[in-house]
Visitor: 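For reference, the structure I am asking about is given below.
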Amino acid sequence: MTKALPLLLVAGSLLLAGCGKTRDVLPPEAWQPAPAQAGTGAIDQAGTVPPPEPVRSTTLAGSQAALVEAAGSDTILFPFDSYGLDEKARQTLGAQAEWLGRNPEVRVSIEGHADERGTREYNLALGERRANAAKNFLAAQGVGTERMSIISYGAERPAVDGSNEEAWALNRRAVTLVVSGR
Amino acid sequence: MIRTFAALFLALIAVPAAAQLRIDITSGSQAAMPVAIPAFPTGAPVATPAGNTAELGRQVADIISNNLSGTGLFRPLPAGAFAAPTMNQVNAPPFGSFRTAAAQALVTGFVTANPDGTLTIGCTLYDVFSEEKLAAQGFTVTPAGWRRAAHKCSDIVYSRLTGESGYFDSRIVYVAESGPRTKRVKRLAVMDQDGANHRFLTSGASLVLMPRFSPVNETLSYMSFQNDRPRMWIYNMGTGQQQPVGDFDSMSFAGRFSPDGRTLVFSVTRAGNSDIHAYDVASRTTRRLTSGNSIDTSPSFSPDGRAIVFESDRGGSQQLYVMNADGSGAQRISFGEGRAGSPVWSPRGDLIAFTRIQGGKFRIAVIRPDGSGERLLTDSWQDEGPSWSPNGRVILFSRTERNGRSSLRSIDLTGRNDRRIPTPLEASDPAWGPLLR
Amino acid sequence: MTEGRALGIAAGLHLLLLVALSLGLAGAIAPESEPDVTPIEFLDVSDVATVTTPPKPSMEAAPQDPEPPAAAPEMPEAPPAPQVPSPPTPAKAAPDVAAQDAIAEAVAAAPARQPPSKAKPAATAGQNAALVDRSKPKAAAKPRETEDFEKTVEDAIPKQAKLSAIQAATLEQAIRAQIAPCWNPPIGGADVAEMTAVLRIRLNRDGTVAAPPEFVSQSGATAGNQAYARAFVETARRAVLRCAPLQLPADLFPYWREFELNFDPRLMT
């Protein structure tokens with residue numbers, strides 16, 4: 001906790017800075033006087049509005065976007081009623097592990113999900129198993145278990161709305177989420 | 001005179017011969033029993049905070065009619081079929097008119113306002129054919145509580161005519177749902193068994209699941225994702241007090257109270273597996289009941305508190321098992337095609353309701369505790385999460401349709417009378433509470 | 001009084017009764033039978049079939065019963081009624097109707113057709129006018145016989161041979177067909193699979209109950225299910241009161257003036 005606190009503060013200030021930058025709309029009172037002073041009806045220099053400053057988004061190191069960029073995806077999918085990792089899932093997790101190795105300050109939460117075709121209790125348990133399977137794989141690749149937490153949402157938070165095989169396939173998943181970084 | 005004697009003599013001879021005739025009646029009508037429930041009379045109508053007594057008399061009769069017709073066992077006759085008894089007729093109703101209307105039973109009573117501001121609601125049940133008074137009971141209630149008197153009267157009628165205890169003076173807790181499926185808002189809500197007095201208990205800020213009543217008091221258990229920490233909570237509806245159950249660093253879920261309300265059983269996950277634990281509410285201590293590399297969940301006590309039914313995939317797929325309350329001697333009871341989950345032991349003890357998953361369908365089914373006599377009760381896309389009425393006669397469950405809409409439904413354990421329980425929003429995870437005191 | 005004379009009187013009485021009944025029934029049932037046909041839910045249909053098979057040959061086998069020939073012309077009126085219960089189980093209905101007709105002719109028990117018309121109130125929800133109509137004709141349709149006449153006939157019959165197997169089966173069938181539709185057994189109770197109740201029924205000659213049904217015995221009642229056991233007996237008692245007056249062959253009155261009914265729902269669960 002003592003270590004996490006400063007990190008959190010840093011992350012928080014970054015976030016605030018980011019927010020301030022994008023909010024380049026002037027406060028209302030700054031442009032209100034302009035029309036009132038226009039005696040001739042022509043807009044004088046003070047009333048002109050400069051074009052907005054350009055903003056280009058940048059992937060921050062240690063962010064969720066950086067993870068996705070490096071690993072190809074933050075999500076792995078599972079077959080029906082299974083928590084086994086297929087080749088594709090292993091590849092994705094392997095890349096995630098590599099990235100986590102390069103970003104040792106990052107902590108992640110792994111969310112496990114199930115499709116809607118199970119009882120509520122069983123789905124919660126199954127989601128937990130999926131998250132745990134991903135965590136175990138990452139741990140085997142050298143990611144410290146103290147950097148990972150897991151949580152199951154069962155079928156409560158589908159990625160896709162729909163009651164068909166395609167939607168269920170996308171909803172049977174484990175998602176690696178960056179919870180703290182730089 | 002002699003002739004009379006002769007006839008009597010002959011009759012005596014004839015009787016024994018005829019009495020040998022014994023006929024088995026092995027079939028009957030399953031049609032609902034016609035019942036007359038006219039407006040309850042009052043003296044001169046008196047204004048009360050709940051409305052005037054004449055109007056209340058009508059509403060009490062309506063509530064009783066609604067309760068009884070909802071069972072599928074009774075058919076309240078339309079009010080026009082007979083004249084409502086007057087105050088003077090409550091103790092000597094004109095049975096002829098009710099017989100003419102083909103009513104088999106008559107429910108009547110009265111509503112009077114007392115000087116102290118309370119109401120007295122009388123409730124009398126008659127057998128229309130034998131003209132016998134089968135039950136009579138009065139209830140004194142506050143004006144705010146008049147509906148409970150109507151429910152209690154319904155319970156008396158129901159239990160006297162069926163021989164089973166009633167279930168109308170009871171509540172249902174469930175999860176109210178709103179918003180898109182990917183960002184569903186779920187709130188705890190409680191209402192009377194007939195949908196009246198609906199109240200939301202939580203704001204929806206945290207995901208909540210599987211609320212369950214304690215069988216003995218105004219306490220609920222439920223699972224909440226508050227602070228991203230999915231775990232069991234106990235909530236006292238009377239005091240508003242809430243406390244987390246135990247202190248686990250992993251998920252705890254699927255809780256259910258023991259019949260005496262002293263123990264809460266639920267699952268705790270550990271490294272991907274789920275084991276059943278028992279939590280002593282008073283001492284706040286926890287004991288683990290199952291172990292192994294399997295998903296053991298959905299525990300539910302037998303009404304005598306000696307056994308627990310639960311689901312486990314220890315045999316390869318989700319199936320039902322019964323074990324002793326201390327966790328020993330687990331025996332599988334569900335076999336056959338498909339999977340079986342979310343078992344709940346009937347308060348009557350004779351059956352276990354559960355969710356049968358087979359052929360791409362989720363259906364409510366019942367099975368005897370020894371694993372025999374499995375019967376499917378519903379047939380739909382996704383029915384799950386059964387909960388018994390306090391008398392073990394009716395099963396509440398949630399139904400999700402293919403379009404994702406979910407609602408509460410109930411069904412008689414005979415498999416008849418599948419009906420929707422109206423709720424203001426979409427709904428799931430219903431749990432029936434005990435009879436109120 | 002000779003046996004021949006008694007039989008003659010009996011036969012004459014039957015004719016009278018039949019005429020009275022068919023008139024009464026025609027008036028009472030015809031107008032309302034139509035709308036009630038469909039919605040009835042009624043379980044005894046299959047039961048009727050099984051029990052009925054033996055009496056089928058009764059036409060030939062009942063030589064001592066003089067009225068079948070006389071009754072035959074009257075029959076066409078009645079057949080539609082037995083079909084009333086059939087809709088819920090169409091597969092089984094056809095044989096039943098045939099069987100029931102055979103009996104009907106054999107016994108001239110035109111009245112046995114009454115029960116279906118009685119069953120309908122239970123099924124037609126909210127049809128209150130029909131319900132009200134229904135109960136009146138029963139009383140009106142009852143034929144009134146003089147006391148003396150009754151006694152004479154009654155005196156005569158016990159001297160006859162014992163109730164034949166066919167007559168017994170036929171009578172049982174007629175009673176069963178009338179009681180079962182009126183019985184709402186408490187299916188779904190925890191102990192229903194174990195429970196039966198026997199009641200003694202005493203009827204007047206006009207089929208009305210002479211005394212409240214008397215409790216004889218009950219199986220399956222335990223200390224734990226008293227309320228259910230009581231309710232169970234009451235459903236049986238109510239079935240009898242609700243279906244009375246029963247319409248049964250007058251010549252067999254000595255055999256049905258008192259009998260026992262064993263209410264056994266185990267096959268229904």
Side-chain angles (χ1 to χ4, degrees), chain A residues 78 80-85 107-139 145-146 148-165 167-168 170-171 173-175 177 179-180, chain B residues 175 177 180-184 186 207-210 223 225 228-230 249-255 266-267 269-275 293-299 310-313 317-318 339-343 354-355 357 360-362 381-382 384-385 398 400-404 406 428-429:
Chain A
F78 294 85
F80 176 71
D81 194 20
S82 161
Y83 56 103
L85 303 172
R107 298 169 60 89
V108 293
S109 167
I110 303 163
E111 291 183 351
H113 299 268
D115 66 30
E116 64 181 350
R117 299 302 274 169
T119 53
R120 198 170 310 286
E121 298 90 336
Y122 187 79
N123 276 339
L124 284 168
L126 183 58
E128 177 92 2
R129 274 187 168 172
R130 286 176 175 158
N132 194 62
K135 177 186 167 187
N136 285 347
F137 188 91
L138 292 173
T145 53
E146 76 287 349
M148 300 183 281
S149 63
I150 59 172
I151 184 168
S152 170
Y153 283 95
E156 304 305 316
R157 289 286 177 263
V160 180
D161 183 353
S163 295
N164 51 59
E165 292 295 343
W168 297 332
L170 292 170
N171 291 335
R173 68 200 196 279
V175 184
L177 286 177
V179 291
S180 67
Chain B
V175 172
E177 302 192 8
R181 274 204 267 182
T182 51
K183 290 182 195 155
R184 204 71 157 157
K186 295 199 169 192
L207 181 61
V208 287
L209 298 172
M210 293 176 280
M223 181 202 188
F225 278 70
D228 288 333
R229 214 181 146 184
D249 50 12
S250 55
M251 177 169 70
S252 55
F253 65 110
F266 53 91
S267 283
T269 56
R270 174 183 287 262
N273 295 315
S274 304
D275 289 320
N293 295 327
S294 54
I295 293 176
D296 298 336
T297 189
S298 282
F310 65 103
E311 65 168 79
S312 174
D313 68 349
S317 76
Q318 201 182 355
R339 296 187 282 157
S342 53
F354 67 101
T355 307
I357 306 164
K361 282 185 170 179
F362 288 57
W381 155 249
Q382 185 152 345
E384 65 171 306
S398 56
T400 309
E401 285 154 54
R402 262 200 112 117
N403 60 13
S406 55
S428 60
D429 286 6

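Below, read A as the first sequence line, B as the second, and so on, with proteins coming before strands; counting in each chain starts at 1. Just so we're clear, the structure is a prediction, and the values are computed from it rather than from any experiment. All values below were derived from every heavy atom in this structure, side-chain atoms included, with hydrogens, water molecules and symmetry-related copies excluded.
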Visitor: Using a cut-off of under 4.5 Å on heavy-atom pairs, state which of A:Ser149, A:Ala125, A:Ala159 scores highest against chain B.
Guide: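 Max contact count across the listed options: A:Ala125.
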Visitor: Could I get the full list of salt bridge (Lys or Arg N to Asp or Glu O under 4.0 Å) partners for A:Glu121, not counting sequence neighbours?
Guide: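 With sequence neighbours excluded, A:Glu121 shows a salt bridge (Lys or Arg N to Asp or Glu O under 4.0 Å) to B:Arg212, given in chain and number order.
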Visitor: What option among A:Glu156, A:Arg129, A:Arg130, A:Lys135 has the most heavy-atom pairs under 4.5 Å with chain B?
Guide: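 Ranked by contacts with chain B, first place is A:Arg129.
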Visitor: Given that the side chain runs from C-beta out, which part of A:Tyr83 has a heavy atom under 4.5 Å from chain B: side chain, backbone, both or neither?
Guide: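 Neither part.
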Visitor: Could you check which of B:Trp381, B:Phe253, B:Phe225 has the highest count of heavy-atom pairs closer than 4.5 Å to chain A?
Guide: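 Between B:Trp381, B:Phe253, B:Phe225, the count favours B:Trp381.
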Visitor: With a 4.5 angstrom heavy-atom cut-off, which part of A:Arg117 approaches chain B: side chain, backbone, both or neither?
Guide: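 Interface part for A:Arg117: both.
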Visitor: Scan side-chain atoms only and decide if B:Ser250 and A:Glu128 contain a donor-acceptor pair under the 3.5 Å cut-off.
Guide: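 Absent: no donor and acceptor within the cut-off.
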Visitor: Would you mind reporting whether B:Ser267 and B:Phe310 have side-chain heavy atoms less than 4.5 Å apart?
Guide: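 When only atoms from C-beta onward are counted, B:Ser267 and B:Phe310 do not touch, as no gap falls below 4.5 Å.
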Visitor: A:Leu124 versus chain B, heavy atoms under 4.5 Å apart: side chain, backbone, both or neither?
Guide: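 Both the backbone and the side chain of A:Leu124 come within 4.5 Å of chain B.
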Visitor: Less than 4.5 Å to any heavy atom of chain B: does that hold for the side chain of A:Ala131, its backbone, both, or neither?
Guide: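 Neither part.
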Visitor: If we define contacts as heavy-atom pairs under 4.5 Å, which of B:Asp249, B:Thr297, B:Asp313 has the most with chain A?
Guide: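 Ranked by heavy-atom pairs under 4.5 Å with chain A, first place is B:Asp313.
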Visitor: Ignoring hydrogens and geometry, is there a side-chain-to-backbone donor-acceptor pair from A:Arg107 to A:Glu146 under 3.5 Å?
Guide: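 Yes, because the side chain of A:Arg107 sits within donor-acceptor range (under 3.5 Å) of the backbone of A:Glu146.
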Visitor: Please identify, among A:Asp81, A:Asn171, A:Asn132, A:Ile150, the residue contributing the most non-hydrogen atom pairs under 4.5 Å to chain B.
Guide: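 Heavy-atom pair counts peak at A:Asn132.
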Visitor: Looking only at the side chains, is there a donor atom on one of B:Ser342 and B:Thr355 sitting less than 3.5 Å from an acceptor on the other?
Guide: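 The criterion, which ignores hydrogens and geometry beyond distance, is satisfied for B:Thr355 and B:Ser342.
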Visitor: With sequence neighbours left out, write down each residue that passes salt bridge (Lys or Arg N to Asp or Glu O under 4.0 Å) with B:Glu384, or none if nothing qualifies.
Guide: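 B:Glu384 satisfies salt bridge (Lys or Arg N to Asp or Glu O under 4.0 Å) with no other residue.
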Visitor: If you count heavy-atom pairs within less than 4.5 Å of chain B, which of A:Gly154, A:Gly127, A:Gly118 leads?
Guide: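 Among A:Gly154, A:Gly127, A:Gly118, the one with the most close pairs to chain B is A:Gly118.
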Visitor: Less than 3.5 Å apart, any donor N or O on the side chain of B:Ser398 or B:Ser428 sitting next to an acceptor on the other?
Guide: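 Short answer, no.
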